[in-house]
Each structure stands twice: as C-alpha cells, then as structure tokens.
Amino acid sequence: MLLERTHYCAQVGTLAAGEQVIVAGWVRKRRDLGHLVFVDLYDRTGILQVVFDPERTPDLHRVGGDLGRESVITVSGTVSERPVDALNPSMATGQVELIADRLTVHSTSKVPPIHLTGGSEANEELRLKYRYLDLRRPEMFRIIDLRHRTSQLTRSFYSSEGFIEVTTPYLMRSTPEGARDFLVPSRLHKGMCYALPQSPQMLKQILMISGVDRYFQIVKCFRDEDSRADRQPEFSQIDVEMSFTRMDTLFDIHERLMQTIFKEAIGVDIPRPFQRMTWKTAMERYGSDKPDLRFGLEIRDITRLMIGSGIGFIDSTAAEGGVVRALVYPGGSILSRKQVSELEQVAKTRGAAGMIAVKVESGNELSGGAIGKMLSSDRKQEVIASLGANAGDLLCIVAGNAMIVANSLGAIRLEIARREKMMTEEFRFLWVTEFPLLEYNEEDGRFYAMHHPFTSPMDEDIDWLDKEPGRCRAKAYDLVLNGIEIGGGSVRIHRADVQTRMFDVLGINACKAEEQFGFFLEALRYGTPPHCGIAFGLDRLVMTLAGTDNLRDVIAFPKTLQAVCMMTQAPSSVTNDQLNIVGLQKKSDKNDKTDDCA
RNA sequence: GGGGACGUAGUUCAGCUUGGUUAGAACGUCGGCCUGUCACGCCGAAGGUCGCGAGUUCGAUCCUCGUCGUCCCCGCCA
C-alpha cells in the first residue's frame, strides 16, 4: 500500500526534532560517504536532506546507497536537528535532516539528458524536448506557480469588481482582416473549416449586447503568423469588455488590477495613476508606440535647423516633406568606427538610408561627416543647444520619411540603452492613447484597421473618415510596461451605421460585410450599449513579473520559432483516411512519415 | 520571404584562424575506497556518425557549396 505523504520537503524545515514524517519526491543527488549516505530529496517546495545510517537501518542503508538520480521515492523517518558543525545555511531546510527508517522506490530514471542542479543551463532545444525534466527545476516551477497566482489574482479581482467570466468557443468562423487563421476542417461539412479565434473580439461585444455588462475571460488565442521571442502561435489573453463606462473608468480599474497583481504576486508597489502619452508623442519622442520609459534618451526634431544646410540629401529630404531627427548618445564620441557602424546598421534594418554620426567637441563645435563641414557655426550652436548635448556626446541623426526615421531612432535608442545598461529594475507603466484608426497599405492600395475594424473613431475626428481617413484617430489604447505592449483595447463602435461607414473605408462593401460579419452587424441592430474593452497578454505579463525576456519560459509546453513542439513533435502528418474523413487530399507526400511504423 | 548567429562525448564547452599520425577539458555515468557530506573527496574506466550530404585535396572536425535543426532580428502579427 502506498505510504502517503504527510509533509512537503520545505515544510519539514519548520518542524521540531523528533517528529515522524513521510515525504516523497525525486532523488536529486546522493552523497555516499561509505557508511553514511545522504540523499537530497526534491519536491516542488524544495530540497530536504535524508540520512541513511547503517547503524540504525543496515538494510535501508544499502538501498539508499544505490539510489539513482531522479528515482521517485517515499521516505518515512524522524526529523532531526543537524549537528552544529553540519548546518547548511545556504539551504532552506539546512538546519534539519530526515533520519530514514522506511523507503519505497516507486520508479527509477534514466540518466537525465539535462542538468537539473545548479550551474550552466542546457540548450533550449533539449530543454523543450525533455520539458518534464526542465519543469522539475525550481526556477521553472517558480514561474509556473507565479503564472497560476497571477491568473488567480486576476479572476478574484474581476469577480470582486462585478465582472463575470464567460467562456467562448474555440471552433469559430474564419473572418478576414487581422492575422492568418488556424483552420480546423469540418467532417460534417466537407470542404468547410472552423477557425481558431485570434481573439474572442466579436463574441465579447455580443455579450455586451446580451446585457452581461461586465465580462472577462482568461482565454487561449491563436494566430498563424511567424513567432518571435515574445510571440507564440497560441497564447493566453486576459480578455475584458464592459458597458456604459468611460474610458477613464476602464483605465482606473486596470491600473488597480496591475497594482494588485504586482503587489500580491511579487510584492512590488506600483504607483498610480499611470502616465499617459498620445501615440503621436510616443512616436516623435521615443520612436516607438511602446516606449520604454525607464530611461530618457529622447528623440528631437531638428528639421527646421537643418533646412538650407547645403547638404544635398538633407535638403532634398526636407523638400520631400521628410524629417530630420536626432538622438544624443551621452559620451558616445569615444565609440569606435565599428561601434558607430553597428548603430547605423540598427537604423538600416528599420529602413533608414543611413545614420549620420556627429561628435560634439568642446566650444560648441561639431565634427564628422557633411554636417561637421557644411553647417555654419551658428547653426551648430543652435543644434547643440536644442538637443541639450555636451562635449563628448555623439549625435545620431537620421533623415527621411517620418515613420522610418521614428522607427530607426527608436531602435537606436533601445540599442544605446542596452549598451549603456540604462534599463533599471523598476516597472514603468504607460498608457499610449489616440492611435491612428487606420493604416494605409501600399501593396493592397487600401486602408486597414490598426487595432481592429470595430474600434470607434475619436468624436472630433469622425468627419475625417470620409475625407482623409489616414488622419482619423481612434479611441484605442495600449498599456505598455518597460517597452513591452502588455495590453491593448478600445472603445467600440456601438452604432450599426458607423460600423457600416467603417467597413466602407476598409473597402468592405455591404455585400461582403453582410457575408463576413452579417451576424455581428445584425446583433448591433438590436440595442447595443456603448462599450469598451481591453485584452492583456497573460504570457507577456508573467514574463515581466518573472524577469525573463523569453516567452517560452512562462509557457509550460511552448513551441519553437518554427511552431513545432519539440516534446510531442506537433505538427505531425495524418493518414489519408483521416484526411478523407474531413474531405481533404494531400498535395504532396514529401514529408509523410505516417506509415513509418506500419 | 529576407538578414545574422550557432550545431564537436549524456551535458556545457575548447580545438577550426594556419587541413596532417591518438579530437581534449569540466560536469555527469560506471567500478573501487571513504562515518557528517551538502559543488563531498580520492583512485580507476567507459563514453565521439565532429548535425547530414556533396565538393576541393594525397588527406577535411577545420576550406567551399548545399541541406536540416535551434536561436535572434526585419517583413508579417496587435
């Protein structure tokens, strides 16, 4: 019969000597001194030293001496205070040990392919293949637990604010716009597919129409797009929608949610209210719609000062309606030619033609490139003054299309901060507001919704919708934390006529709209309350709480950049029979390994 | 779709610049010894398709090309 555990390893550390306990877990390490045998027993709470003493239990001692790494055992024994000279202050349970008197070996383990104790970490490919072993490491369990607590705090916070968790289907209908859908072929309707939701966007709005009033859900979302360090094909959102509420109330609720999570999960006090910044300001001053405000390094516009400089490409940039902007790299004039060229490379990957690096010399002098030669000393002085630069600094100047210049300098700004280790440990929250409603796509020759097609234009901009849609701002907002977009949402359109106008601008005519969004447009016609919502990336939030910059670290079973699960080898080929059932046929059998075991 | 980095023992890495006889180290594993260890210690041993394929060469872990895999970035994605 299974001897049942009475305590976790860590709990034993708090018990008095003489207590009888039963503990269970994995053999992390064995130290066999010939007569005495010590075993480090691990469970999710920590490590406990178990002693096998040949004088008390000769039979056990022999078995204990043979225990292999990661064998699973149950041990009963007596809690004992360690001899004074054998205390281990670096161990949570280092003042006690368990003198074993009974031992059950439930199973043994092959030699683990990754190190589970201290020191260097195995490469990620192996960690993902043997994820169950990787998750046995305390650092990984700590994150799993942190994620659990974050979810729990979220659920209880929303519940106490009158929000109701409603689950929505994963088998949805495909909608155009936005990301590529993952498709699920239908057996009952051959040739037709369900789509896994990119987010429950329309359903949560319909719940508002249903009168749910305050909805939330911790929900999986799926997007068939290329992954990144902070992007997985399937990810979790804290999804929220609320009716009859001003944007400011939504901000207030979620600032308190963040405050609660950070306080309760990691003991950090977050000041409120959070800073707010318009999208325009963010782009101009930080070159990003998700600025990291833990450091300054603001971008300044110097177009006016550079016009008529006599420098060819700068004058032509200005003539074409472009901009010239600069960033001060404090103390950057000592950079090597190579380091400067690496900075320029950063700008070039964001589409800039180049980056001009100018050194600030003493006596308001600039040296380097055409600017050092061509600019009058008055102009130089003005440039230095307007940038607040000092001798020894390096000016990074980029000219061209406003968007490209912003992105380039934004990337350089982050690179400088990384190099100079300016990213502190603090948590800087920021609401970015007044996003553009639409984005023009040159290739397709049409506008796309920047957020999604149900986002309300700002009242004062609504007339731009027909005249100059690109100028129209949206009631959309993002919550940014240390340069990471952790959430985003908007006030929604609650009038069917405005929604139709929106579709018009997007080039979705009445017929198309009816076909693709008909059910939603119809719902809007049955009494829709004004409503707004937001969704947070749970994975990214936990990532920040855990202090890692790899999304895979906070997901128990993540996928690689190629969207493969190293442990299960998903995706896999399927048999022709399986495909027939859903009415599909393979185009090529090139990678077919289905019948390897036949 | 494009750019970059990496791939050598079970693991983490060195070796490659300048091709040459037996490819090393540490940890781990296995065997022996050891009564207070906790990075236990000491003695000994086993362990390699140098990712895969082709090419150059008398000879390739090393050079070239291709290919596969992982990571990072751009595009894409909110």
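Just so it is clear, the model here is predicted, and its values are computed rather than measured. We name chains A, B, ... by the order of the sequence lines, and we start the count at 1 in each one. Any value given below was found using the heavy atoms of this structure, including those in side chains, with hydrogens, waters and symmetry copies removed.
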Novice: To the nearest Å, give me how far apart CG (L33(A)) and P (G32(B)) are.
Specialist: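 Interatomic distance, CG of L33(A) to P of G32(B): 16 Å.
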Novice: Base, sugar-phosphate alone, or nothing: which one does L561(A) contact when heavy atoms must sit under 4.0 Å apart?
Specialist: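 Base contact - L561(A) has a heavy atom under 4.0 Å of at least one base atom.
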Novice: Does the pair R446(A) and E177(A) meet the rule for a salt bridge (charged side-chain N to carboxylate O under 4.0 Å, His left out), with working shown?
Specialist: CA-CA 12 Å; R446(A) 58 162 275 205; E177(A) 306 290 305; 3.0 Å; yes
Novice: Can you work out whether G94(A) or D289(A) has the more 5'-proximal nearest nucleotide on RNA chain B?
Specialist: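 Closer to the 5' end of RNA chain B: G94(A).
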Novice: Check this for me: does the side-chain of D226(A) come within 3.5 Å of the base of G75(B) through a donor and an acceptor?
Specialist: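 Donor-acceptor pair under 3.5 Å: yes.
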Novice: Is there a donor and acceptor pair, one atom on the side chain of R30(A) and one on the base of C40(B), closer than 3.5 Å?
Specialist: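 Answer is no: no donor-acceptor pair is held.
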Novice: Looking at every strand, decide which applies to A179(A) at a 4.0 Å heavy-atom threshold: base, sugar-phosphate, or nothing.
Specialist: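 Here A179(A) touches the backbone only, sparing every base.
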Novice: What nucleotide, of A78(B), U35(B), C40(B), holds the atom closest to the side chain of H35(A)?
Specialist: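 Taking heavy atoms from C-beta onward, the closest nucleotide is U35(B).
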Novice: Using the ring of each side chain (for Trp, its six-membered ring), is F454(A) parallel, tilted or perpendicular to H452(A), with breaks at 30° and 60°?
Specialist: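 Aromatic pair F454(A)/H452(A) classed tilted.
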Novice: What's the closest nucleotide to the side chain of L36(A) if the choices are U70(B), U35(B), C71(B)?
Specialist: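 Output: U35(B).
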Novice: Considering every strand shown, what is the Watson-Crick or G-U wobble mate of C58(B) when both distances are under 3.5 Å?
Specialist: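 Check on C58(B): paired to G20(B), both distances under 3.5 Å.
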Novice: What does L126(A) touch in the nucleic acid at a heavy-atom separation under 4.0 angstrom: a base, only the sugar-phosphate, or nothing?
Specialist: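 Sugar-phosphate contact only.
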Novice: Would you tell me if any nitrogen or oxygen in the side chain of R69(A) comes within less than 4.0 Å of OP1 or OP2 on G10(B)?
Specialist: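 Indeed not, no polar side-chain atom of R69(A) lies that close.
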Novice: On a whole-Å scale, what distance lies between the P atoms belonging to C13(B) and C65(B)?
Specialist: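 Comparing P positions in C13(B) and C65(B) gives a spacing of 26 Å.
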Novice: Look at the side chain of M566(A) and decide which nucleotide, out of U35(B), U37(B), U70(B), has an atom nearest to it.
Specialist: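 Per side-chain heavy atoms of M566(A), the pick is U70(B).
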Novice: Expressed in angstrom and rounded to an integer, what is the separation of H115(A) atom NE2 from A39(B) atom P?
Specialist: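 Atom-to-atom, H115(A) to A39(B), this comes out as 16 Å.
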Novice: Rounded to the nearest Å, what distance is computed from the CG atom of residue D53(A) to the P atom of nucleotide U35(B)?
Specialist: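 So the two atoms are 12 Å apart, to the nearest Å.
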Novice: Whole angstroms only, please: what is the CD-C1' distance between Q232(A) and U70(B)?
Specialist: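 Interatomic distance, CD of Q232(A) to C1' of U70(B): 14 Å.
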Novice: Please work out if R127(A) contacts a base, only the sugar-phosphate, or nothing of the nucleic acid, heavy-atom cut-off 4.0 Å.
Specialist: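 Nothing, no nucleic acid heavy atom in range.
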Novice: Where the side chain of K29(A) is defined as all heavy atoms beyond and including C-beta, which of G36(B), C40(B), A78(B) is the nearest nucleotide?
Specialist: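 In terms of side-chain proximity for K29(A), the closest of G36(B), C40(B), A78(B) is C40(B).
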Novice: Report the base-pairing partner of U11(B) (Watson-Crick or G-U wobble, both distances below 3.5 angstrom), or none.
Specialist: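 Base-paired to A26(B).
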Novice: Mapping N88(A) and I114(A) to their closest nucleotides on RNA chain B, which lands nearer the 5' end?
Specialist: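 Of the two residues, I114(A) wins.
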Novice: For G55(B) and A14(B), measure between their C1' atoms and round to the nearest Å.
Specialist: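 It comes out at 28 Å once rounded to the nearest Å.
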Novice: Can a donor-acceptor pair under 3.5 Å be found between the side-chain atoms of E97(A) and the base atoms of G36(B)?
Specialist: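 Indeed there is one.
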Novice: So what's G66(B) paired with, Watson-Crick or G-U wobble, going by both distances under 3.5 Å?
Specialist: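 Its partner is C52(B) (Watson-Crick or G-U wobble, both distances under 3.5 Å).
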Novice: Look at K348(A) and G3(B) and indicate whether a side-chain polar atom (N or O) is within less than 4.0 Å of OP1 or OP2.
Specialist: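 No, K348(A) has no side-chain N/O under 4.0 Å of OP1/OP2 on G3(B).
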Novice: Taking atom P in both G20(B) and A60(B), what distance in whole Å separates the two?
Specialist: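 Result for the P pair: 11 Å, nearest Å.
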Novice: Any side-chain donor paired with an acceptor under 3.5 Å for T57(A) and D101(A)?
Specialist: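 Side chains of T57(A) and D101(A): no pair found under 3.5 Å.
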Novice: Find the distance F454(A):CZ to A78(B):C1' and express it as a whole number of Å.
Specialist: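 Value for this atom pair: 14 Å.
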Novice: What nucleotide, of A78(B), C38(B), C72(B), holds the atom closest to the side chain of R82(A)?
Specialist: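 The answer is C38(B), which lies nearest to the side chain.
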Novice: For the C1' atoms, the ones on C68(B) and on U18(B), what distance do you get once it is rounded to whole angstrom?
Specialist: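 Roughly 30 Å separates the two C1' atoms.
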Novice: Determine the interatomic distance between C1' on A23(B) and the same-named atom on G15(B); round to the nearest Å.
Specialist: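 Comparing C1' positions in A23(B) and G15(B) gives a spacing of 7 Å.
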Novice: Could you give the distance separating U70(B) and C33(B) at their C1' atoms, to the nearest angstrom?
Specialist: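 Pairwise C1' distance, C33(B) against U70(B), rounds to 44 Å.
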Novice: For N407(A) and G75(B), what is the distance between atoms CG and P respectively, to the nearest whole Å?
Specialist: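 Spelled out: CG on N407(A) to P on G75(B) is 8 Å.
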Novice: When you get a sec, tell me which of U70(B), U12(B), C76(B) is the closest nucleotide to the side chain of E225(A)?
Specialist: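 Comparing U70(B), U12(B), C76(B) against the side chain of E225(A), the answer is C76(B).
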Novice: Do R223(A) and C77(B) have a side chain to base donor-acceptor pair shorter than 3.5 Å?
Specialist: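 Flag unset: no donor-acceptor pair detected.
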Novice: With a 3.5 Å cut-off and no angle check, do the side chains of Q49(A) and R31(A) form a donor-acceptor pair?
Specialist: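 Side-chain D/A pair, Q49(A) to R31(A): present.
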Novice: Taking salt bridge (charged side-chain N to carboxylate O under 4.0 Å, His left out) as the criterion, tell me which of R142(A), R137(A), R136(A) meets it with E139(A).
Specialist: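 Among the candidates, only R137(A) passes.
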Novice: Would you say that I534(A) contacts L250(A) through its side chain, given a criterion of any heavy-atom pair below 4.5 Å between the two side chains?
Specialist: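 With C-beta onward as the side chain, the pair touches.
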Novice: If you look at every strand shown and take non-hydrogen atoms under 4.0 Å, does L116(A) touch a base, only sugar-phosphate, or nothing?
Specialist: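 Nothing, no nucleic acid heavy atom in range.
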Novice: Spell out yes or no: do the side chain of R228(A) and the base of G75(B) have one donor N/O and one acceptor N/O closer than 3.5 Å?
Specialist: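 A donor-acceptor contact between them is present.
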Novice: Whom does C71(B) pair with, Watson-Crick or G-U wobble, provided both distances fall under 3.5 Å?
Specialist: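 G4(B) is the nucleotide pairing with C71(B).
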Novice: Taking any heavy-atom pair under 4.0 Å as a contact, classify D549(A): base, sugar-phosphate, or nothing.
Specialist: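 If one applies the 4.0 Å heavy-atom cut-off, D549(A) turns out to touch nothing in the nucleic acid.
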Novice: Using Watson-Crick or G-U wobble geometry with both distances under 3.5 Å, which nucleotide pairs with C42(B)?
Specialist: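 Here C42(B) is engaged in a pair, and the nucleotide opposite it is G32(B).
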Novice: Return the value, rounded to whole Å, for the distance between atom CZ of F222(A) and atom C1' of A78(B).
Specialist: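 To the nearest whole Å, that distance equals 17 Å.
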Novice: What is the nucleic acid contact for P83(A), judged by heavy atoms within less than 4.0 Å: base, sugar-phosphate only, or nothing?
Specialist: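 Result for P83(A) = base.
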Novice: Specify whether F274(A) and F429(A) have parallel, tilted or perpendicular ring planes, treating 30° as the upper limit for parallel and 60° as the lower limit for perpendicular.
Specialist: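 F274(A) vs F429(A) ring planes: parallel.
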Novice: If we take the C1' atom in both C71(B) and G48(B), what is their distance in whole Å?
Specialist: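 C71(B) and G48(B) have their C1' atoms separated by 25 Å.
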Novice: Ignoring hydrogens and angles, state whether a donor on the side chain of Y286(A) or D292(A) is under 3.5 Å from an acceptor on the partner side chain.
Specialist: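 No, no side-chain donor-acceptor pair sits under 3.5 Å.
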Novice: What is the nucleic acid contact for R350(A), judged by heavy atoms within less than 4.0 Å: base, sugar-phosphate only, or nothing?
Specialist: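 The answer is sugar-phosphate, as R350(A) gets under 4.0 Å only of primed atoms, P, OP1 or OP2.
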Novice: Does N123(A) put a side-chain nitrogen or oxygen below 4.0 Å from OP1 or OP2 of U12(B)?
Specialist: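 Indeed, a polar side-chain atom of N123(A) lies that close.
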Novice: Does Q49(A) make a side-chain donor-acceptor contact with the base of U37(B), cut-off 3.5 Å?
Specialist: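 When only heavy-atom distances are counted, Q49(A) does reach the base of U37(B) through a donor-acceptor pair under 3.5 Å.
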Novice: Kindly say if R31(A) contacts the phosphate of C40(B), meaning a side-chain N or O under 4.0 Å from OP1 or OP2.
Specialist: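 So the side-chain polar atoms of R31(A) do come within 4.0 Å of the phosphate oxygens OP1 or OP2 of C40(B), strictly under.
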Novice: Expressed in angstrom and rounded to an integer, what is the separation of Y130(A) atom OH from U12(B) atom P?
Specialist: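 The distance from OH of Y130(A) to P of U12(B) comes to 12 Å, rounded to the nearest Å.
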Novice: Between T349(A) and C73(B), does any side-chain N or O lie under 4.0 Å from OP1 or OP2?
Specialist: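 Answer is no, no contact under 4.0 Å.
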Novice: How is G178(A) classified with respect to the nucleic acid when contacts are heavy atoms under 4.0 Å: base, sugar-phosphate, or nothing?
Specialist: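 Here G178(A) touches the backbone only, sparing every base.
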Novice: Using the C1' atoms only, state how far A45(B) lies from G28(B), rounded to an integer number of Å.
Specialist: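 Comparing C1' positions in G28(B) and A45(B) gives a spacing of 14 Å.
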Novice: Does the side chain of N550(A) pick up a donor-acceptor pair with the side chain of T548(A) at under 3.5 Å?
Specialist: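 No.
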Novice: Let's test this: given Watson-Crick or G-U wobble pairing with both distances under 3.5 Å, identify the partner of C77(B).
Specialist: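 When the pairing criteria are applied, nothing turns out to pair with C77(B), so the answer is none.
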Novice: Relative to each other, are the rings of F251(A) and W431(A) parallel, tilted or perpendicular (30° and 60° limits)?
Specialist: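 Plane angle under 30°, so parallel.
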